[in-house]
Amino acid sequence: MKPFKLDEIEKIETGFKVPEGYFDDFSLRVQQKIQETKPERKRYLITRYRKLISIAAILIVALGIAFVQYTKAPVYDTSDESVENYLASNHCISNDDWAMMLDEKDLQKMEANMNLNNQEIEEILASEENFENYIID
Amino acid sequence: MEEQVFIAQLLNPATQNTAFQKLISDYQRPLYHHIRNIVLDHDDADDVLQNTFIKVFRHLHNFKGESKLFSWMYRIATNEAITFINQKAKRRGISTDDLQNSYTAQLKADTHFDGDEAQIKLHKAIALLPQKQQLVFKMKYFEEIKYEDMSEILDTSVGALKASYHHAVKKIENYFTEN
């Protein structure tokens with residue numbers, strides 16, 4: 001069989017037909033569709049940036065809350081002088097209160113291991129001018 | 001220069017409508033046949049052609065004039081048509097090749113097709129080619145687009161296009177010889 005050669009035969013057309021009058025109103029249909037699809041574009045833009053807008057809104061709210069918390073928080077003056085003044089003006093702090101603020105280790109440190117006999121105690125009290133205060137306490 | 005004046009008219013709101021009507025009038029036929037050759041069905045070609053002109057209208061302000069208006073519009077039409085058939089095949093759960101083969105198999109029943117046996121045979125042979133070769137063959141053989149213009153439209157070198165066309169012709173000739 002002789003090999004088929006495309007350029008040796010008459011050109012083969014597509015055979016596709018266009019419906020009669022198809023192009024007559026095509027321009028009008030396109031213009032109408034452009035008018036109809038105009039609002040779609042706006043919605044598309046909003047949809048496209050929806051994620052970005054959501055993230056921005058969350059960030060603004062989070063930063064706003066943080067700012068309000070920061071500005072409302074009381075400012076504490078923690079200098080040594082302030083602490084001393086506070087303690088001096090608050091006589092109602094009892095020994096129990098102090099004990100509450102100290103842990104077991106602190107309390108153990110404060111327990112002095114003094115094995116004194118009566119003779120030694122008397123000598124210490126005799127050397128103190130205001131020993132009566134110790135006896136009262 | 002003439003094209004630049006026309007593009008300026010398309011971008012000017014005062015002259016836009018008239019210029020766009022002229023654009024449609026000049027390109028509707030060649031673009032229809034270009035799209036129809038890719039999507040094969042008339043109703044599909046109608047949808048794609050409308051979408052192509054809408055896209056052209058919407059993106060006119062992005063047209064930089066680096067290529068010819070003709071090439072730019074053909075590129076949009078080609079992309080729209082290929083995207084359309086790929087999506088249609090995906091919706092049906094079949095490959096693009098199967099979609100085209102099924103269409104060419106029932107070409108005789110298409111009321112918008114008026115071809116003989118040789119024409120049906122040619123469409124069947126084309127449907128067996130890889131997508132790029134199909135495109136190059138249709139643009140060269142049916143539409144008689146110059147390789148230089150095709151190169152701009154498809155962003156492919158003239159050499160590669162000639163090779164594609166050559167391979168396509170060989171495969172089609174073999175199909176005709178064997179069938």
Side-chain angles (χ1 to χ4, degrees), chain A residues 1-70, chain B residues 17 20-25 27-29 31-33 35-37 39-43 45-47 49-58 107-108 110-123 125-126 137-138 141-144 168-179:
Chain A
M1 185 193 273
K2 193 189 167 197
F4 178 84
K5 290 284 170 198
L6 208 55
D7 55 1
E8 286 176 5
I9 59 158
E10 197 180 329
K11 185 181 172 180
I12 303 171
E13 297 294 340
T14 61
F16 292 137
K17 275 196 311 180
V18 184
E20 215 178 305
Y22 170 72
F23 292 115
D24 295 350
D25 63 342
F26 180 77
S27 175
L28 194 70
R29 284 192 289 133
V30 171
Q31 306 262 26
Q32 277 174 349
K33 209 166 176 182
I34 286 172
Q35 292 300 319
E36 285 167 14
T37 52
K38 259 184 185 170
E40 287 291 320
R41 191 171 174 232
K42 281 183 189 168
R43 201 155 51 211
Y44 165 73
L45 280 173
I46 292 166
T47 311
R48 189 179 173 188
Y49 294 114
R50 185 177 288 165
K51 203 179 267 183
L52 204 65
I53 291 166
S54 306
I55 293 167
I58 291 166
L59 277 175
I60 289 167
V61 170
L63 288 172
I65 291 169
F67 179 74
V68 168
Q69 292 291 327
Y70 176 76
Chain B
N17 277 347
F20 191 62
Q21 270 178 22
K22 182 177 167 20
L23 186 81
I24 294 176
S25 164
Y27 285 97
Q28 59 184 1
R29 281 181 175 79
L31 280 183
Y32 169 84
H33 290 293
I35 292 165
R36 178 86 189 265
N37 286 337
V39 300
L40 306 173
D41 177 70
H42 165 74
D43 292 330
D46 178 40
D47 281 348
L49 186 63
Q50 286 189 45
N51 290 339
T52 298
F53 277 112
I54 290 167
K55 216 160 206 177
V56 166
F57 183 80
R58 298 248 187 269
L107 208 50
K108 251 186 187 172
D110 187 344
T111 51
H112 302 302
F113 178 77
D114 188 22
D116 55 23
E117 286 304 318
Q119 286 166 312
I120 292 171
K121 205 171 181 178
L122 180 57
H123 283 296
I126 294 169
F137 180 82
K138 288 167 181 175
Y141 187 77
F142 291 135
E143 300 170 54
E144 298 177 0
V169 168
K170 286 287 156 211
K171 287 177 190 173
I172 288 166
E173 286 176 344
N174 285 342
Y175 181 87
F176 268 80
T177 306
E178 290 165 10
N179 291 277

J.: Quick one: OH on B:Y141 to CG on A:D7, what's the gap to the nearest 0.5 Å?
T.: 9.0 Å
J.: Any idea which of B:N17, B:N174, B:L40 has the most non-hydrogen atom pairs under 4.5 angstrom with chain A?
T.: B:L40
J.: With a 4.5 Å limit on heavy-atom distance, are the side chains of B:R58 and A:I34 in contact?
T.: yes
J.: What part of A:Q31 lies closer than 4.5 angstrom to a heavy atom of chain B: side chain, backbone, both or neither?
T.: side chain
J.: Indicate the atoms forming the closest heavy-atom contact of B:K170 with A:K5, along with that distance.
T.: NZ-NZ, 3.3 Å
J.: Measuring from atom CZ of B:F57 to atom NZ of A:K33, what distance do you get when rounded to the nearest 0.5 angstrom?
T.: 14.5 Å
J.: Atom NZ of residue position A:K11 - does it have more than 12 heavy atoms of other residues, nucleotides or ligands inside 6.0 Å?
T.: yes
J.: How many angstroms lie between atom CZ of B:F20 and atom OG of A:S27, to the nearest 0.5 angstrom?
T.: 7.5 Å
J.: Show, in sequence, the C-alpha distance, side-chain angles and deciding distance for B:H33 and A:V18, and conclude whether the side-chain contact (heavy atoms from CB on, under 4.5 Å) test is met.
T.: CA-CA 9 Å; B:H33 290 293; A:V18 184; 3.8 Å; yes
J.: Are the side chains of B:H123 and A:F16 in touch, meaning some heavy atoms are under 4.5 Å apart?
T.: yes
J.: Is there side-chain contact between B:F176 and A:I9, with heavy atoms separated by less than 4.5 Å?
T.: no
J.: Tell me, do B:H112 and A:P19 make a side-chain contact under 4.5 Å, heavy atoms counted?
T.: yes
J.: Is the gap between the ring centers of A:F26 and B:F53 under 6.0 Å?
T.: yes
J.: If I measure from the heavy atoms of chain A, does B:N37 come under 4.5 Å with its side chain, its backbone, both, or neither?
T.: both
J.: When the ring centroid of A:F4 is compared with that of B:Y175, is the distance short of 6.0 Å?
T.: no
J.: Tell me which of these, B:K138, B:R36, B:Q21, has more heavy-atom pairs under 4.5 Å with chain A than the rest.
T.: B:R36
J.: Could you give the distance from OG1 (A:T14) to CG (B:D114), rounded to the nearest 0.5 Å?
T.: 10.0 Å
J.: Take atom NZ in B:K55; do more than 12 heavy atoms of anything else shown fall under 6.0 Å from it?
T.: no
J.: From A:I12 CD1 over to B:F142 CZ, what is the distance, rounded to the nearest 0.5 angstrom?
T.: 7.5 Å
J.: Can you list the residues that meet the salt bridge (Lys or Arg N to Asp or Glu O under 4.0 Å) rule with A:E8, with sequence neighbours excluded?
T.: A:K2
J.: Apply the test salt bridge (charged side-chain N to carboxylate O under 4.0 Å, His left out) to residues B:D110 and A:K17: give CA-CA distance (whole Å), side-chain angles for both, the deciding distance (0.1 Å), then the verdict.
T.: CA-CA 10 Å; B:D110 187 344; A:K17 275 196 311 180; over 6 Å; no
J.: Heavy-atom distance under 4.5 Å to chain A: side chain of B:T111, backbone, both or neither?
T.: backbone
J.: Give, for atom CZ of A:F23 and atom CG of B:L49, the distance between the pair rounded to the nearest 0.5 Å.
T.: 7.0 Å
